[in-house]
Amino acid sequence: TDILLKPSKLGDISVPNRVFMAPLTRNRAHDDGTPWEEAATYYAQRANAGLIITEATQMHPLGKGYIQTPGIHEPKHVEAWKEITRAVHAAGGRIFVQLWHVGRIRHSSIEPEGEAPVAPTAEAAEAQTFTKKGFEPTSKPRELTVGEIEALVADYAKAARNAMEAGFDGVEVHCANGYLLNQFLHSGSNKRDDEYGGSIENRCRFPLEAVDAVIAEIGAGRVGVRTSPLGEANDVPEDDPRALYTYFHGELAKRGLAYLHVMESFPGSDRSEEKRAVIEDVRKAWNGFYITNGGYDAERAAEALETGHADAVAFGRPYISNPDLAVRIAMNVEWAEPNQETFYGGGEKGYTDYSDATLKAA
Ligand SMILES: C=C(C(=O)O)c1ccccc1
């Protein structure tokens, strides 16, 4: 598995290995969207990753859909993130922030309280979110006007500017997992009849405008994009994933982005031949640095690089319970299993209290 430890260039930066930390929602931020102070320790412990991609971080007040997720749209958010990026850089790490807007995956009791979610179309998702009362069905959204979409494009650029101010090495634009930009991409969630809906080109328009605004603000070498072509999360059916993502990945390939990050499978879902074939096809439309993600162990990760399928592998749950994952891979040390009870919400337990055994053993 040594191929996982090969350095590489990645857009404007260099990475020391191909073992990346995938975005992980942990629901431990303050209610006003300020990240928790303990996050500096949590991310610095994981600085051995070739690249850390933060938990999904809302780029607009209405982009918040769950309790205690962090934001990056206020000056106080930027100040708090500065401590985190400083700690990661002091530990020798590199970190991108994932810019998120939940769209209709939101309950109106979440701050800003009483505000309905926004979406491409005024149809509620068959989905749940978690509020202070626990899991609740998502609220019925209202349809975004063209003017509001244009304002959100500018908000993505502003969030990217905030990310640079906060000391991040770059940003990942979240276009996956049934959230706002994914809702625009898919035929099942986007029923608009204006220039932002209908054809594949029209459904890709807003996501591409958002990516272009971020590129214009901070440069393509500091921008990655995440997609989930076979996404099952949050009720975003799509008539023709192969055609849609061949086009979307092809458009992204023209922009000189730092990377494309694809969730290829999901916890508990099957990896059928048909699904693998779609992923292989839409993978071919991309021409740059490719990060794969989805339940990899070290052996399958090394194989993904050896076959040329991917240039790096993002690990989610393994990085929860193995802060030193890249070192464990280098030293061939067994991985610890994460405790699912402390994935979402809570304090230090299950967050910063996992052992970095190899660093003591080294
Ligand atoms: C941001 C998330 C994603 O991209 O799936 C998320 C949100 C809530 C729980 C788990 C994951």
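In each ligand, atom 1 is the first atom listed, and ligand 1 is the first ligand listed.
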Verify whether one side chain among His249 and Thr227 offers a donor that lies under 3.5 Å from an acceptor in the other. yes

Ring pair (Phe, Tyr, Trp, His ring centres under 6.0 Å) between Trp286 and Tyr259, intermediate numbers included: CA-CA 9 Å; Trp286 172 252; Tyr259 67 76; 8.6 Å; no

Polar contact flag, side-chain donor to acceptor under 3.5 angstrom, His101-Gln183: no

Any luck finding a side-chain donor-acceptor pair between His186 and Asn190 under 3.5 Å? no

Between His261 and Phe289, does a ring pair (Phe, Tyr, Trp, His ring centres under 6.0 Å) hold up when you go through it step by step? CA-CA 9 Å; His261 177 190; Phe289 193 99; over 10 Å; no

Any protein N/O atoms within less than 3.5 Å of an N/O atom in ligand 1? List the atom names and distances, or say none.
from	atom 1	to	atom 2	distance (Å)
ligand 1	4 (O)	His174	NE2	2.8
ligand 1	4 (O)	Asn177	ND2	2.8
ligand 1	5 (O)	Asn177	ND2	3.1

His309 side chain to Thr307 side chain, donor-acceptor N/O pair below 3.5 angstrom: no

